[in-house]
Amino acid sequence: MVSKVLIANRGEIALRVLRACKELGIATVAVHSTADSDAMHVRLADESVCIGPPPSRDSYLNIHQIVAACEITGADAVHPGYGFLSENAKFADILDAHGITFIGPTADHIRIMGDKITAKKTAQELGIPVVPGSDGEVLPENALEVARKIGFPVLIKATAGGGGRGMKLAHSEADLSEAVSSARSEALAAFGNDAVYMEKYLGKPRHIEIQVLGDGEGNAVHLGERDCSLQRRHQKVWEEANSPALNVEQRMKIGEVCADAMRKLKYRGAGTIEFLYENGEFYFIEMNTRLQVEHTITEAITGIDLVHEQIHIASGKGLSVTQEDVVFSGHAIECRINAEDPRTFVPSPGTITYYHAPGGLGVRVDSGAYAGYKIPPYYDSMIGKLIVHGRTRDECMMRLRRVLDEFVVDGIKTTIPLFQDLVDNADIAKGDYDIHWLENYLASTS
Ligand code: ADP
(Lines give C-alpha, C1' and ligand atoms only; values in the text may rest on other atoms or scores of the structure.)
Protein backbone atom coordinates (compact mmCIF):
# COMPACT_ATOMS: atom_id res chain seq x y z
CA MET A 1 0.00 0.00 0.00
CA VAL A 2 1.22 3.51 -0.69
CA SER A 3 1.96 5.21 2.64
CA LYS A 4 2.22 8.93 1.96
CA VAL A 5 0.34 10.69 -0.84
CA LEU A 6 1.31 14.07 -2.21
CA ILE A 7 -1.76 15.82 -3.57
CA ALA A 8 -0.69 17.76 -6.66
CA ASN A 9 -3.76 19.94 -6.92
CA ARG A 10 -5.79 22.61 -5.13
CA GLY A 11 -9.37 23.53 -4.27
CA GLU A 12 -12.19 21.10 -3.67
CA ILE A 13 -10.49 18.16 -5.39
CA ALA A 14 -7.40 18.43 -3.19
CA LEU A 15 -9.72 18.21 -0.18
CA ARG A 16 -11.62 15.31 -1.77
CA VAL A 17 -8.41 13.31 -2.20
CA LEU A 18 -7.22 14.22 1.29
CA ARG A 19 -10.44 12.87 2.80
CA ALA A 20 -10.00 9.54 1.03
CA CYS A 21 -6.38 9.27 2.23
CA LYS A 22 -7.41 10.00 5.82
CA GLU A 23 -10.04 7.28 5.68
CA LEU A 24 -7.46 4.81 4.43
CA GLY A 25 -4.92 5.82 7.08
CA ILE A 26 -2.50 7.23 4.51
CA ALA A 27 -0.39 10.30 5.36
CA THR A 28 -0.96 13.39 3.21
CA VAL A 29 1.19 16.16 1.79
CA ALA A 30 -0.43 19.30 0.40
CA VAL A 31 1.51 21.40 -2.09
CA HIS A 32 0.33 24.91 -2.71
CA SER A 33 1.14 28.23 -4.32
CA THR A 34 1.62 31.37 -2.23
CA ALA A 35 -1.99 32.29 -3.14
CA ASP A 36 -3.32 29.14 -1.46
CA SER A 37 -1.55 29.19 1.92
CA ASP A 38 -4.93 29.48 3.68
CA ALA A 39 -6.69 26.77 1.69
CA MET A 40 -8.65 24.19 3.65
CA HIS A 41 -6.73 21.19 2.29
CA VAL A 42 -3.45 22.84 3.29
CA ARG A 43 -4.76 23.27 6.84
CA LEU A 44 -5.96 19.68 7.06
CA ALA A 45 -2.96 17.94 5.47
CA ASP A 46 -0.33 16.27 7.65
CA GLU A 47 2.40 18.27 5.91
CA SER A 48 2.43 21.09 3.39
CA VAL A 49 5.00 22.51 1.03
CA CYS A 50 4.81 25.84 -0.79
CA ILE A 51 5.85 25.17 -4.39
CA GLY A 52 5.81 28.61 -5.92
CA PRO A 53 4.03 31.85 -6.82
CA PRO A 54 0.37 32.06 -7.90
CA PRO A 55 0.61 31.45 -11.67
CA SER A 56 -0.09 27.74 -12.27
CA ARG A 57 2.89 27.28 -14.56
CA ASP A 58 5.18 28.29 -11.67
CA SER A 59 3.46 26.13 -9.04
CA TYR A 60 0.77 23.53 -9.81
CA LEU A 61 2.29 22.80 -13.23
CA ASN A 62 5.90 22.95 -12.04
CA ILE A 63 7.04 19.32 -12.21
CA HIS A 64 10.49 20.01 -10.70
CA GLN A 65 8.99 21.60 -7.61
CA ILE A 66 6.48 18.82 -7.15
CA VAL A 67 9.11 16.08 -7.46
CA ALA A 68 11.33 18.02 -5.03
CA ALA A 69 8.39 18.20 -2.58
CA CYS A 70 8.04 14.40 -2.83
CA GLU A 71 11.73 13.93 -2.08
CA ILE A 72 11.68 16.35 0.87
CA THR A 73 8.60 14.83 2.49
CA GLY A 74 9.22 11.21 1.52
CA ALA A 75 5.88 10.91 -0.30
CA ASP A 76 5.76 7.62 -2.19
CA ALA A 77 2.76 8.46 -4.38
CA VAL A 78 1.16 11.43 -6.12
CA HIS A 79 -2.53 11.97 -6.74
CA PRO A 80 -2.92 14.54 -9.53
CA GLY A 81 -6.66 15.28 -9.15
CA TYR A 82 -8.13 16.69 -12.38
CA GLY A 83 -6.76 19.44 -14.61
CA PHE A 84 -3.15 20.63 -14.02
CA LEU A 85 -0.80 17.62 -14.44
CA SER A 86 -3.45 14.89 -14.30
CA GLU A 87 -3.20 14.04 -18.00
CA ASN A 88 0.46 14.88 -18.50
CA ALA A 89 2.28 11.75 -19.68
CA LYS A 90 5.68 13.33 -19.10
CA PHE A 91 4.80 13.89 -15.44
CA ALA A 92 3.79 10.23 -15.07
CA ASP A 93 7.09 9.18 -16.70
CA ILE A 94 9.18 11.44 -14.45
CA LEU A 95 7.50 10.16 -11.28
CA ASP A 96 8.08 6.62 -12.48
CA ALA A 97 11.78 7.38 -13.04
CA HIS A 98 11.96 8.65 -9.45
CA GLY A 99 10.28 5.55 -8.06
CA ILE A 100 7.17 7.52 -7.06
CA THR A 101 3.76 5.99 -7.78
CA PHE A 102 1.52 8.03 -10.07
CA ILE A 103 -2.07 7.39 -8.99
CA GLY A 104 -3.44 7.06 -12.48
CA PRO A 105 -2.99 5.13 -15.71
CA THR A 106 0.27 4.36 -17.52
CA ALA A 107 1.99 7.21 -19.35
CA ASP A 108 1.36 5.33 -22.62
CA HIS A 109 -2.39 5.26 -22.07
CA ILE A 110 -2.39 8.95 -21.15
CA ARG A 111 -0.52 9.66 -24.38
CA ILE A 112 -2.86 7.59 -26.56
CA MET A 113 -6.00 9.19 -25.16
CA GLY A 114 -4.48 12.68 -25.01
CA ASP A 115 -4.26 12.81 -28.78
CA LYS A 116 -7.83 12.71 -30.04
CA ILE A 117 -7.01 11.21 -33.43
CA THR A 118 -5.11 8.31 -31.82
CA ALA A 119 -7.76 8.04 -29.11
CA LYS A 120 -10.56 7.70 -31.66
CA LYS A 121 -8.64 5.15 -33.71
CA THR A 122 -7.86 3.14 -30.56
CA ALA A 123 -11.47 3.31 -29.36
CA GLN A 124 -12.67 2.03 -32.71
CA GLU A 125 -10.19 -0.87 -32.62
CA LEU A 126 -11.45 -1.73 -29.13
CA GLY A 127 -15.02 -1.99 -30.39
CA ILE A 128 -16.33 1.37 -29.16
CA PRO A 129 -18.69 3.18 -31.60
CA VAL A 130 -17.25 6.53 -32.77
CA VAL A 131 -18.60 9.66 -34.51
CA PRO A 132 -18.34 9.25 -38.30
CA GLY A 133 -15.48 11.41 -39.52
CA SER A 134 -12.11 11.71 -41.15
CA ASP A 135 -9.62 8.90 -41.04
CA GLY A 136 -7.00 10.81 -39.05
CA GLU A 137 -5.71 14.32 -39.68
CA VAL A 138 -7.40 16.64 -42.17
CA LEU A 139 -5.30 19.10 -44.19
CA PRO A 140 -6.62 22.24 -45.92
CA GLU A 141 -6.09 20.58 -49.31
CA ASN A 142 -8.15 17.45 -48.64
CA ALA A 143 -10.80 18.95 -46.33
CA LEU A 144 -13.45 19.39 -49.04
CA GLU A 145 -13.18 15.82 -50.27
CA VAL A 146 -13.46 14.47 -46.71
CA ALA A 147 -16.39 16.78 -45.84
CA ARG A 148 -18.33 15.71 -48.93
CA LYS A 149 -17.94 12.09 -47.91
CA ILE A 150 -19.07 12.74 -44.32
CA GLY A 151 -21.84 15.16 -45.33
CA PHE A 152 -22.42 18.69 -43.97
CA PRO A 153 -22.59 20.09 -41.34
CA VAL A 154 -19.14 19.03 -40.13
CA LEU A 155 -17.10 19.93 -37.07
CA ILE A 156 -13.36 20.63 -37.27
CA LYS A 157 -11.64 19.60 -34.02
CA ALA A 158 -8.09 19.88 -32.68
CA THR A 159 -6.38 16.56 -32.01
CA ALA A 160 -4.73 18.13 -28.95
CA GLY A 161 -8.06 19.76 -27.99
CA GLY A 162 -9.55 20.40 -24.59
CA GLY A 163 -12.09 22.73 -23.05
CA GLY A 164 -13.86 23.13 -26.40
CA ARG A 165 -10.95 25.08 -27.90
CA GLY A 166 -9.91 24.63 -31.52
CA MET A 167 -13.40 23.47 -32.50
CA LYS A 168 -15.14 25.03 -35.54
CA LEU A 169 -18.42 24.25 -37.26
CA ALA A 170 -18.84 24.32 -41.05
CA HIS A 171 -22.47 24.31 -42.21
CA SER A 172 -21.65 24.12 -45.90
CA GLU A 173 -18.83 24.08 -48.47
CA ALA A 174 -18.70 27.88 -48.31
CA ASP A 175 -17.67 27.88 -44.62
CA LEU A 176 -15.23 25.02 -44.81
CA SER A 177 -11.85 26.53 -45.57
CA GLU A 178 -12.37 29.31 -43.03
CA ALA A 179 -13.38 26.73 -40.38
CA VAL A 180 -10.31 24.58 -41.08
CA SER A 181 -7.85 27.47 -41.03
CA SER A 182 -9.29 29.09 -37.90
CA ALA A 183 -9.43 25.73 -36.06
CA ARG A 184 -5.79 25.13 -37.01
CA SER A 185 -4.58 28.53 -35.83
CA GLU A 186 -6.61 28.34 -32.61
CA ALA A 187 -5.22 24.86 -31.93
CA LEU A 188 -1.66 26.02 -32.59
CA ALA A 189 -2.06 28.98 -30.24
CA ALA A 190 -3.72 26.95 -27.47
CA PHE A 191 -1.86 23.63 -27.67
CA GLY A 192 1.22 24.20 -29.84
CA ASN A 193 -0.14 21.59 -32.29
CA ASP A 194 -2.18 22.58 -35.33
CA ALA A 195 -3.36 19.09 -36.34
CA VAL A 196 -7.14 18.93 -36.80
CA TYR A 197 -9.62 16.23 -37.76
CA MET A 198 -13.20 16.26 -38.96
CA GLU A 199 -16.41 14.85 -37.54
CA LYS A 200 -20.04 14.72 -38.56
CA TYR A 201 -21.75 17.46 -36.57
CA LEU A 202 -24.56 15.97 -34.52
CA GLY A 203 -27.50 18.37 -34.24
CA LYS A 204 -29.20 17.56 -30.94
CA PRO A 205 -27.14 15.03 -29.01
CA ARG A 206 -26.88 14.45 -25.31
CA HIS A 207 -23.47 14.15 -23.66
CA ILE A 208 -23.37 10.79 -21.87
CA GLU A 209 -20.20 9.36 -20.35
CA ILE A 210 -19.33 6.01 -18.84
CA GLN A 211 -17.19 5.67 -15.70
CA VAL A 212 -14.72 2.78 -15.83
CA LEU A 213 -12.17 1.28 -13.44
CA GLY A 214 -9.39 -1.07 -14.50
CA ASP A 215 -6.68 -2.87 -12.54
CA GLY A 216 -4.05 -2.73 -15.29
CA GLU A 217 -4.06 -6.54 -15.54
CA GLY A 218 -7.07 -6.94 -17.80
CA ASN A 219 -9.87 -6.72 -15.24
CA ALA A 220 -12.30 -3.81 -15.56
CA VAL A 221 -15.77 -2.74 -14.52
CA HIS A 222 -18.11 0.07 -15.52
CA LEU A 223 -20.05 2.14 -13.01
CA GLY A 224 -22.82 3.27 -15.31
CA GLU A 225 -23.24 6.64 -16.96
CA ARG A 226 -23.47 10.34 -16.20
CA ASP A 227 -25.51 12.73 -18.29
CA CYS A 228 -23.58 15.99 -18.68
CA SER A 229 -25.64 17.58 -21.43
CA LEU A 230 -26.27 20.81 -19.54
CA GLN A 231 -23.25 22.80 -20.70
CA ARG A 232 -22.25 26.35 -21.36
CA ARG A 233 -19.41 26.93 -23.81
CA HIS A 234 -18.66 23.20 -23.68
CA GLN A 235 -18.24 23.42 -19.90
CA LYS A 236 -20.46 21.17 -17.81
CA VAL A 237 -22.76 22.96 -15.37
CA TRP A 238 -25.17 20.30 -14.05
CA GLU A 239 -24.63 16.56 -14.20
CA GLU A 240 -26.88 13.67 -13.32
CA ALA A 241 -26.75 9.92 -12.91
CA ASN A 242 -28.44 7.98 -14.26
CA SER A 243 -29.22 9.70 -17.54
CA PRO A 244 -32.93 10.50 -17.89
CA ALA A 245 -32.56 9.28 -21.50
CA LEU A 246 -31.40 5.69 -20.92
CA ASN A 247 -33.09 2.54 -19.69
CA VAL A 248 -31.38 -0.32 -17.85
CA GLU A 249 -30.71 -2.38 -21.00
CA GLN A 250 -29.10 0.57 -22.82
CA ARG A 251 -27.00 1.38 -19.73
CA MET A 252 -25.70 -2.14 -19.29
CA LYS A 253 -25.06 -2.57 -23.01
CA ILE A 254 -22.89 0.54 -23.51
CA GLY A 255 -21.31 0.01 -20.09
CA GLU A 256 -20.26 -3.50 -21.05
CA VAL A 257 -18.84 -2.28 -24.39
CA CYS A 258 -16.65 0.17 -22.41
CA ALA A 259 -15.62 -2.30 -19.70
CA ASP A 260 -14.72 -4.83 -22.37
CA ALA A 261 -12.61 -2.25 -24.22
CA MET A 262 -10.76 -1.44 -20.98
CA ARG A 263 -10.09 -5.15 -20.39
CA LYS A 264 -8.53 -5.43 -23.84
CA LEU A 265 -6.49 -2.25 -23.27
CA LYS A 266 -5.43 -3.43 -19.78
CA TYR A 267 -6.36 0.02 -18.58
CA ARG A 268 -5.27 0.95 -15.05
CA GLY A 269 -7.17 3.28 -12.74
CA ALA A 270 -10.27 5.42 -13.16
CA GLY A 271 -11.30 6.69 -16.57
CA THR A 272 -14.25 8.16 -18.38
CA ILE A 273 -15.36 7.36 -21.90
CA GLU A 274 -17.33 10.27 -23.31
CA PHE A 275 -20.05 9.89 -25.92
CA LEU A 276 -22.55 11.95 -27.77
CA TYR A 277 -25.90 10.17 -27.81
CA GLU A 278 -28.48 10.81 -30.49
CA ASN A 279 -31.43 8.76 -31.79
CA GLY A 280 -30.52 5.79 -29.63
CA GLU A 281 -26.90 5.62 -30.85
CA PHE A 282 -23.67 6.29 -28.96
CA TYR A 283 -20.73 8.05 -30.60
CA PHE A 284 -17.35 8.17 -28.80
CA ILE A 285 -15.77 11.64 -28.63
CA GLU A 286 -12.93 11.22 -26.15
CA MET A 287 -11.60 9.42 -23.11
CA ASN A 288 -10.41 11.20 -19.97
CA THR A 289 -7.70 9.25 -18.16
CA ARG A 290 -8.30 10.76 -14.73
CA LEU A 291 -10.86 11.37 -12.03
CA GLN A 292 -13.53 13.80 -13.23
CA VAL A 293 -15.20 16.68 -11.44
CA GLU A 294 -18.56 14.90 -11.62
CA HIS A 295 -17.34 11.53 -10.27
CA THR A 296 -19.37 12.27 -7.12
CA ILE A 297 -22.74 11.42 -8.68
CA THR A 298 -21.43 7.99 -9.64
CA GLU A 299 -20.29 7.55 -6.04
CA ALA A 300 -23.77 8.55 -4.86
CA ILE A 301 -25.61 5.94 -6.94
CA THR A 302 -23.08 3.11 -6.47
CA GLY A 303 -21.74 3.77 -2.97
CA ILE A 304 -18.23 3.18 -4.34
CA ASP A 305 -15.52 5.67 -3.34
CA LEU A 306 -13.62 6.27 -6.57
CA VAL A 307 -10.55 7.75 -4.88
CA HIS A 308 -10.29 4.72 -2.58
CA GLU A 309 -10.43 2.57 -5.71
CA GLN A 310 -7.73 4.66 -7.42
CA ILE A 311 -5.42 4.28 -4.42
CA HIS A 312 -6.08 0.55 -4.12
CA ILE A 313 -5.35 0.03 -7.79
CA ALA A 314 -2.17 2.13 -7.60
CA SER A 315 -1.09 0.03 -4.61
CA GLY A 316 -1.43 -3.13 -6.71
CA LYS A 317 -4.46 -4.36 -4.78
CA GLY A 318 -6.76 -4.43 -7.79
CA LEU A 319 -10.47 -3.64 -7.87
CA SER A 320 -12.58 -3.99 -4.74
CA VAL A 321 -15.64 -4.90 -6.82
CA THR A 322 -16.65 -7.18 -9.66
CA GLN A 323 -19.30 -6.08 -12.17
CA GLU A 324 -21.90 -8.17 -10.30
CA ASP A 325 -21.14 -6.26 -7.09
CA VAL A 326 -21.98 -2.91 -8.69
CA VAL A 327 -25.56 -2.00 -7.78
CA PHE A 328 -27.16 1.24 -8.95
CA SER A 329 -29.42 2.88 -6.42
CA GLY A 330 -31.54 6.00 -6.92
CA HIS A 331 -30.64 9.20 -8.69
CA ALA A 332 -28.00 11.89 -8.11
CA ILE A 333 -27.50 15.44 -9.40
CA GLU A 334 -24.39 17.61 -9.10
CA CYS A 335 -24.43 21.41 -9.42
CA ARG A 336 -21.10 23.16 -9.94
CA ILE A 337 -21.04 26.16 -7.64
CA ASN A 338 -18.87 28.79 -9.31
CA ALA A 339 -17.85 32.18 -7.98
CA GLU A 340 -19.46 33.86 -10.98
CA ASP A 341 -22.40 36.06 -11.84
CA PRO A 342 -25.25 33.55 -12.38
CA ARG A 343 -26.27 35.17 -15.69
CA THR A 344 -23.18 36.76 -17.25
CA PHE A 345 -20.75 34.18 -15.78
CA VAL A 346 -18.23 36.93 -15.12
CA PRO A 347 -15.88 35.64 -12.38
CA SER A 348 -16.50 37.08 -8.91
CA PRO A 349 -13.40 36.49 -6.81
CA GLY A 350 -13.15 38.08 -3.37
CA THR A 351 -13.75 37.24 0.26
CA ILE A 352 -16.58 34.99 1.41
CA THR A 353 -18.04 36.91 4.34
CA TYR A 354 -20.56 34.30 5.47
CA TYR A 355 -20.83 30.64 4.54
CA HIS A 356 -23.41 28.03 5.43
CA ALA A 357 -23.43 24.68 3.65
CA PRO A 358 -26.70 22.75 3.48
CA GLY A 359 -27.12 19.30 5.00
CA GLY A 360 -29.58 16.52 5.64
CA LEU A 361 -30.21 13.12 4.11
CA GLY A 362 -28.74 12.62 0.66
CA VAL A 363 -26.73 15.86 0.63
CA ARG A 364 -23.01 16.21 -0.03
CA VAL A 365 -21.02 19.41 -0.39
CA ASP A 366 -17.46 19.12 -1.66
CA SER A 367 -15.86 22.49 -1.10
CA GLY A 368 -12.86 24.08 0.56
CA ALA A 369 -14.81 27.31 1.11
CA TYR A 370 -15.41 28.81 4.55
CA ALA A 371 -16.36 32.20 6.04
CA GLY A 372 -13.36 34.50 5.68
CA TYR A 373 -11.90 32.54 2.75
CA LYS A 374 -10.47 34.79 0.07
CA ILE A 375 -10.96 33.30 -3.41
CA PRO A 376 -7.79 33.91 -5.38
CA PRO A 377 -8.29 35.33 -8.89
CA TYR A 378 -5.66 33.09 -10.51
CA TYR A 379 -7.50 29.81 -10.95
CA ASP A 380 -10.83 28.49 -12.19
CA SER A 381 -13.91 29.82 -10.49
CA MET A 382 -15.43 26.61 -9.16
CA ILE A 383 -15.60 26.91 -5.37
CA GLY A 384 -17.55 23.79 -4.67
CA LYS A 385 -19.94 21.10 -5.78
CA LEU A 386 -23.37 20.36 -4.42
CA ILE A 387 -24.43 16.73 -4.81
CA VAL A 388 -27.91 15.51 -3.98
CA HIS A 389 -29.11 11.90 -3.95
CA GLY A 390 -32.67 10.57 -3.84
CA ARG A 391 -34.41 7.24 -4.38
CA THR A 392 -35.99 8.58 -7.55
CA ARG A 393 -35.24 11.51 -9.85
CA ASP A 394 -38.32 13.32 -8.54
CA GLU A 395 -37.17 12.91 -4.95
CA CYS A 396 -33.71 14.13 -5.95
CA MET A 397 -35.19 17.26 -7.57
CA MET A 398 -37.36 17.98 -4.52
CA ARG A 399 -34.34 17.68 -2.28
CA LEU A 400 -32.20 19.83 -4.57
CA ARG A 401 -34.79 22.63 -4.48
CA ARG A 402 -34.75 22.62 -0.67
CA VAL A 403 -30.97 22.40 -0.44
CA LEU A 404 -30.30 25.28 -2.84
CA ASP A 405 -32.46 27.52 -0.66
CA GLU A 406 -30.40 26.54 2.37
CA PHE A 407 -26.98 27.22 0.81
CA VAL A 408 -25.62 30.64 1.84
CA VAL A 409 -22.45 32.12 0.35
CA ASP A 410 -22.21 35.87 1.04
CA GLY A 411 -19.69 38.43 -0.14
CA ILE A 412 -19.34 37.11 -3.69
CA LYS A 413 -21.68 36.14 -6.53
CA THR A 414 -22.30 32.46 -7.18
CA THR A 415 -24.18 30.33 -9.69
CA ILE A 416 -26.65 29.13 -7.02
CA PRO A 417 -29.51 31.35 -8.39
CA LEU A 418 -29.09 29.74 -11.83
CA PHE A 419 -29.66 26.30 -10.31
CA GLN A 420 -32.70 27.61 -8.44
CA ASP A 421 -34.17 28.58 -11.82
CA LEU A 422 -33.20 25.29 -13.45
CA VAL A 423 -34.70 23.10 -10.75
CA ASP A 424 -38.09 24.75 -11.40
CA ASN A 425 -37.92 24.48 -15.18
CA ALA A 426 -40.41 22.18 -16.92
CA ASP A 427 -37.91 20.72 -19.43
CA ILE A 428 -35.41 19.98 -16.67
CA ALA A 429 -38.18 18.42 -14.58
CA LYS A 430 -38.86 16.03 -17.48
CA GLY A 431 -35.17 15.47 -18.17
CA ASP A 432 -35.85 16.71 -21.66
CA TYR A 433 -32.69 18.52 -22.80
CA ASP A 434 -29.72 18.19 -25.15
CA ILE A 435 -26.24 19.79 -25.25
CA HIS A 436 -27.66 23.07 -26.64
CA TRP A 437 -30.53 23.42 -24.19
CA LEU A 438 -28.75 25.52 -21.55
CA GLU A 439 -27.29 28.06 -24.00
CA ASN A 440 -30.69 28.45 -25.68
CA TYR A 441 -32.32 28.87 -22.29
CA LEU A 442 -29.78 31.49 -21.20
CA ALA A 443 -30.22 33.41 -24.46
CA SER A 444 -34.02 33.32 -24.20
CA THR A 445 -34.16 34.46 -20.57
CA SER A 446 -31.47 37.14 -20.61
P1 ADP B 1 -13.01 19.05 -25.52
O2 ADP B 1 -11.97 18.04 -25.13
O3 ADP B 1 -12.44 20.28 -26.13
O4 ADP B 1 -13.98 19.33 -24.41
P5 ADP B 1 -14.88 17.16 -26.80
O6 ADP B 1 -14.53 16.31 -27.95
O7 ADP B 1 -15.00 16.49 -25.47
O8 ADP B 1 -13.83 18.39 -26.74
O9 ADP B 1 -16.23 17.91 -27.09
C10 ADP B 1 -16.73 18.89 -26.21
C11 ADP B 1 -18.18 19.20 -26.52
O12 ADP B 1 -18.31 19.68 -27.88
C13 ADP B 1 -19.12 18.00 -26.44
O14 ADP B 1 -19.57 17.75 -25.12
C15 ADP B 1 -20.23 18.48 -27.36
O16 ADP B 1 -21.01 19.45 -26.65
C17 ADP B 1 -19.50 19.20 -28.49
N18 ADP B 1 -19.15 18.30 -29.61
C19 ADP B 1 -18.00 17.59 -29.77
N20 ADP B 1 -18.04 16.85 -30.91
C21 ADP B 1 -19.24 17.07 -31.50
C22 ADP B 1 -19.89 16.59 -32.69
N23 ADP B 1 -19.31 15.74 -33.53
N24 ADP B 1 -21.14 17.06 -32.96
C25 ADP B 1 -21.74 17.94 -32.13
N26 ADP B 1 -21.19 18.43 -31.00
C27 ADP B 1 -19.96 18.01 -30.66
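It should be emphasised that the depicted structure is a prediction, and the values quoted were computed from it without experimental measurement. As the structure lists them, so they are numbered: ligands from 1, and atoms in each ligand from 1. The first residue in the sequence is number 1, and the count goes up from there.
Looking at Met167 against ligand 1, only its side chain comes within 4.0 Å, counting heavy atoms.
Among residue pairs with one or both ends in residues 287-302, those qualifying as salt bridge (charged side-chain N to carboxylate O under 4.0 Å, His left out) are Arg16-Glu299, Glu87-Arg290, Lys236-Glu294, Glu294-Arg336, Glu299-Arg364; sequence neighbours excluded. Under the salt bridge (charged side-chain N to carboxylate O under 4.0 Å, His left out) criterion, no residue pair touches residues 425-434, with sequence neighbours excluded.
Shortest contact from atom 19 (C) of ligand 1 to any protein heavy atom: Lys157 NZ, 3.4 Å. Among protein heavy atoms, atom 15 (C) of ligand 1 sits closest to Ile435 CD1, 3.7 Å. For atom 7 (O) of ligand 1, the nearest non-hydrogen atom of the protein is Glu286 OE2, 2.8 Å. Looking only at heavy atoms of the protein, atom 13 (C) of ligand 1 is closest to Ile285 CD1, 3.9 Å. Of the protein's non-hydrogen atoms, Lys116 NZ, 2.9 Å is the one closest to atom 8 (O) of ligand 1. Regarding atom 11 (C) of ligand 1, its nearest protein heavy-atom neighbour is His234 ND1, 3.3 Å. For atom 3 (O) of ligand 1, the nearest protein heavy atom (residue, atom name, distance) is Gly164 N, 2.6 Å.
The contact set between ligand 1 and Gln231, taken as ligand atoms under 4.0 Å from a residue heavy atom, comprises 14 (O), 16 (O). Against a heavy-atom cut-off of under 4.0 Å, Tyr201 is close to the following atoms of ligand 1: 24 (N), 25 (C), 26 (N). Counting atoms of ligand 1 from 1 in the listed order, those under 4.0 Å from a heavy atom of Leu202 are 24 (N), 25 (C). Contact atoms of ligand 1 toward Gly163: 1 (P), 2 (O), 3 (O), 4 (O) (distance under 4.0 Å to a heavy atom of the residue).
Put simply, CD on Gln310 and NE2 on His79 are 3.5 Å apart, with the number rounded to the nearest 0.5 Å.
Between Tyr441 and Trp437, the ring-plane angle classifies as parallel under the 30° and 60° cut-offs.
With a 4.5 Å cut-off on side-chain heavy atoms, Glu199 and Ile285 count as touching.
Residues Lys385 and Glu12 are paired through a salt bridge, judged by an N-O separation under 4.0 Å between the basic side chain and the carboxylate.
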